[in-house]
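Accompanying notes for the structure given below.
Keep in mind that the numbers below use all heavy atoms, side chains included, and drop hydrogens, waters and symmetry copies. All residue numbers refer to positions in the sequence shown, counting from 1.
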Amino acid sequence: MDLNQRYTSAAIVPDGTEDPGFARDPELHFQPSTRPGAKLPHAWLSAGTRNPSTLDLGGNGRFTLITGIGGEPWTEAARILGKEFGLEIATAVIGPGQEYEDPYGDWARLREIGDSGALLVRPDNHVAFRRQDATGDVTAALGDALRQILGRG
């Protein structure tokens, strides 16, 4: 029940998708989602000899940007904007041959974005921003999202 919390606030940037609701009783069954406002879903990854969870990528008092193969524009935008805003923005690229791999395909089933899409996860592991792909000016999109989330509008 606690994991099914989804909320809206000024620190969440809507992505224009309609809330799908819950397929089953949300008090009894967890329904993972990467929709902004939802808790980041868990999936086992591999990173060399380690097997971290997607939940291990976030937290630690910092924002985390998660993307896949083709998401290099997002990681560069996070680097640039981290300096501009004076924030640590960790980045995690998940995919074959990347720092994090998805050996069971669980993340691919849960992520709800394309390989070049991005999720910005707040320090509390809630998704704050989601984009399906890397089209357009991703630095501007991520910058606008950070300004809203941080109240620096």
Side-chain angles (χ1 to χ4, degrees), residues 1-15 17 19 26 30-134 137-153:
M1 182 167 73
D2 292 339
L3 294 176
N4 274 334
Q5 296 299 315
R6 299 177 188 169
Y7 61 94
T8 59
S9 78
I12 300 293
V13 180
D15 68 353
T17 61
D19 185 346
F30 174 54
Q31 183 172 319
S33 176
T34 62
R35 190 168 183 274
K39 180 89 166 172
L40 181 68
H42 157 76
W44 289 116
L45 304 173
S46 64
T49 60
R50 299 179 306 118
N51 294 105
S53 164
T54 49
L55 298 174
D56 297 326
L57 303 177
N60 300 312
R62 65 178 187 221
F63 286 88
T64 303
L65 183 115
I66 300 173
T67 189
I69 294 175
E72 293 83 9
W74 292 110
T75 59
E76 179 63 13
R79 186 189 64 74
I80 292 166
L81 293 166
K83 287 181 183 178
E84 180 181 322
F85 284 90
L87 293 172
E88 180 183 358
I89 304 174
T91 58
V93 179
I94 302 172
Q98 303 302 308
E99 179 182 5
Y100 298 99
E101 295 195 40
D102 182 15
Y104 309 110
D106 293 338
W107 179 244
R109 284 189 291 279
L110 294 171
R111 68 185 180 183
E112 300 176 305
I113 58 172
D115 283 335
S116 69
L119 301 172
L120 180 66
V121 181
R122 297 187 330 195
D124 64 359
N125 266 343
H126 277 81
V127 177
F129 168 80
R130 175 173 76 171
R131 277 279 291 271
Q132 294 298 316
D133 55 41
D137 186 343
V138 299
T139 303
L142 186 58
D144 290 346
L146 284 165
R147 276 186 275 289
Q148 177 180 327
I149 293 162
L150 298 171
R152 297 184 187 177

- Which is it for Trp107 and Thr34 under the side chain to side chain contact (heavy atoms under 4.5 Å, CB included) test, yes or no, and what are the steps along the way? CA-CA 11 Å; Trp107 179 244; Thr34 62; 4.1 Å; yes

- For Ala11 and Ile149, work out which heavy atoms get closest and say how close. O-CG1, 3.7 Å

- Note on the structure: CG of Leu40 to CZ of Arg111, rounded to nearest 0.5 Å, is 13.5 Å

- Message: Any carboxylate oxygen within less than 4.0 angstrom of a Lys/Arg side-chain nitrogen, looking at Arg35 and Glu112?
- Response: no

- Item | Minimum heavy-atom distance Phe85-Gly143, with the two atoms named | CZ-O, 3.9 Å

- Task: For Glu101, check side-chain contact (heavy atoms from CB on, under 4.5 Å) against everything at least two apart and list the hits.
- Result: Ser46

- Applying side-chain contact (heavy atoms from CB on, under 4.5 Å) to Asp124 and not counting sequence neighbours gives Tyr7, Arg122, His126

- Task: Could I get the full list of side-chain contact (heavy atoms from CB on, under 4.5 Å) partners for Glu88, not counting sequence neighbours?
- Result: Arg62

- Task: Can you measure from CH2 (Trp74) to CZ (Phe129) and round to the nearest 0.5 angstrom?
- Result: 4.0 Å

- Query: Tell me the salt bridge (charged side-chain N to carboxylate O under 4.0 Å, His left out) pairs involving residues 138-153, sequence neighbours left out?
  - Reply: Glu84-Arg147, Asp144-Arg147

- Qualifying side chain to side chain donor-acceptor pair (under 3.5 Å) pairs with a residue from residues 48-61, counting only residues at least two apart or across chains: His42-Ser53

- Note on the structure: Separation between CD1 (Ile89) and CG (Leu142), nearest 0.5 Å, reads 6.0 Å

- Note on the structure: Heavy-atom closest pair (Glu72 atom, Thr75 atom, distance to 0.1 Å) is O-OG1, 2.9 Å

- Message: For Thr67 and Asp115: C-alpha separation, side-chain torsions, deciding distance, then whether side chain to side chain contact (heavy atoms under 4.5 Å, CB included) applies.
- Response: CA-CA 7 Å; Thr67 189; Asp115 283 335; over 6 Å; no

- Minimum heavy-atom distance between Ser33 and Ala38, given as atom pair plus value: O-CB, 3.5 Å

- Minimum side-chain heavy-atom gap Pro73-Val138 below 4.5 Å: yes

- Hey, what do you get for CZ (Arg130) to CD1 (Ile12), rounding to the nearest 0.5 Å? 11.5 Å

- Can you find a pair of side-chain heavy atoms, one from Val93 and one from Glu99, that are under 4.5 Å apart? no

- Query: Hey, is the main chain of Asp106 close enough, under 3.5 Å, to the side chain of Asp102 for a donor-acceptor pair?
  - Reply: yes

- Query: Can you tell me how far the CG atom of Leu120 sits from the CG atom of Leu81, to the nearest 0.5 Å?
  - Reply: 10.0 Å

- Closest heavy-atom pair and its distance - Thr64, Gly59: OG1-N, 4.5 Å

- Message: List the residues meeting side-chain contact (heavy atoms from CB on, under 4.5 Å) with Asp137, not counting sequence neighbours, and say none if there are none.
- Response: Thr139, Ala140

- Note on the structure: The reported gap from CG in Leu45 to CD1 in Ile66 (rounded to nearest 0.5 angstrom) is 8.5 Å

- Looking only at heavy atoms, what is the nearest atom pair of Leu65 and Ala78, with distance? CB-CB, 4.4 Å

- Message: Does Leu87 form a side chain to side chain contact (heavy atoms under 4.5 Å, CB included) with Leu150? I'd like the steps, not just the answer.
- Response: CA-CA 11 Å; Leu87 293 172; Leu150 298 171; 3.6 Å; yes

- Short side-chain to backbone donor-acceptor contact, Asp133 and Gly117, under 3.5 Å: no

